[in-house]
Each structure stands twice: as structure tokens, then as C-alpha cells.
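Since this is a predicted model, take the numbers as computed values, not measurements. The residues of the chain are indexed from 1 along the displayed sequence. The analysis underlying the following values was restricted to heavy atoms, covering all of them including side chains, and did not include hydrogens, waters or symmetry mates.
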Amino acid sequence: MSAAIYNILEDLRHLPGADVSAAARFIHELREKRSHQRSKMIAETSGSLSGPDGDAFEAAIKDCDHIDEAHASW
């Protein structure tokens with residue numbers, strides 16, 4: 001565990017039970033919010049490329065007239 005987690009645990013030991021419960025709810029909300037944000041970012045960027053990879057892919061698409069279905073890599 002990181003030093004930050006040890007410090008948090010030590011601080012929690014000195015709090016009354018109600019405050020520990022409040023801290024637990026807060027941490028859970030942070031985790032849920034982070035999970036939601038991550039899922040949203042993945043959904044918004046799914047299937048997209050940026051920077052040099054995106055530019056190269058776009059150029060390759062423009063150079064293709066059709067897909068050769070008989071190509072060995074298919």
C-alpha cells in the first residue's frame with residue numbers, strides 16, 4: 001500500500017464512527033463518479049484515432065477505392 005493509504009487509515013482511526021461512515025460514503029461516491037467518467041470517456045472516444053495514427057488511417061482510407069475481399073489477410 002502507498003504511504004497515502006496508510007496516512008488515511010491512521011486518520012480514520014482517530015475519527016468517531018459517524019465520521020468514518022461519512023468518509024466511507026464519500027470515498028464510494030468518488031469511486032462511482034470515476035467509474036462513470038471513465039465509461040463516458042470510453043464511449044465518447046470508442047472507434048476513434050487521433051494524432052499521427054488518425055491521420056495515417058484517414059490517408060489510407062482516402063487511398064482505397066474498395067476492399068479486396070479475396071486478399072490473403074482477410
Side-chain angles (χ1 to χ4, degrees):
M1 274 192 253
S2 71
I5 292 175
Y6 283 116
N7 291 336
I8 291 168
L9 291 174
E10 185 60 29
D11 289 341
L12 289 172
R13 286 188 184 104
H14 293 86
L15 294 175
D19 289 344
V20 172
S21 295
R25 284 190 303 276
F26 176 74
I27 291 169
H28 181 74
E29 288 171 8
L30 285 176
R31 181 178 167 204
E32 291 295 314
K33 182 179 176 182
R34 177 65 188 136
S35 176
H36 176 73
Q37 288 173 333
R38 183 177 183 275
S39 295
K40 183 180 174 188
M41 285 189 308
I42 290 171
E44 289 174 352
T45 60
S46 178
S48 65
L49 294 173
S50 62
D53 290 336
D55 294 340
F57 186 68
E58 182 179 6
I61 290 172
K62 287 179 181 176
D63 287 342
C64 292
D65 290 332
H66 67 282
I67 297 175
D68 183 359
E69 293 181 13
H71 192 274
S73 66
W74 294 95

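Note: Lys40 NZ to Lys33 NZ = 11.0 Å, rounded to the nearest 0.5 Å. For the atom pair CG (Leu15) and CD (Glu10), the distance works out to 10.5 Å, reported to the nearest 0.5 Å. If you take CE on Met41 and NE2 on His36, they are separated by 11.0 Å, rounding to the nearest 0.5 Å.
A donor-acceptor contact shorter than 3.5 Å is absent between the side chain of Ser35 and the backbone of Arg31.
Criterion: ILVMFWY side-chain heavy atoms under 4.5 Å apart, direct or through other members. Under it, Val20 and Ile27 are not part of a common hydrophobic cluster.
Two residues are said to be in side-chain contact when any heavy atoms from C-beta on lie closer than 4.5 Å; Glu32 and Glu29 fail this criterion.
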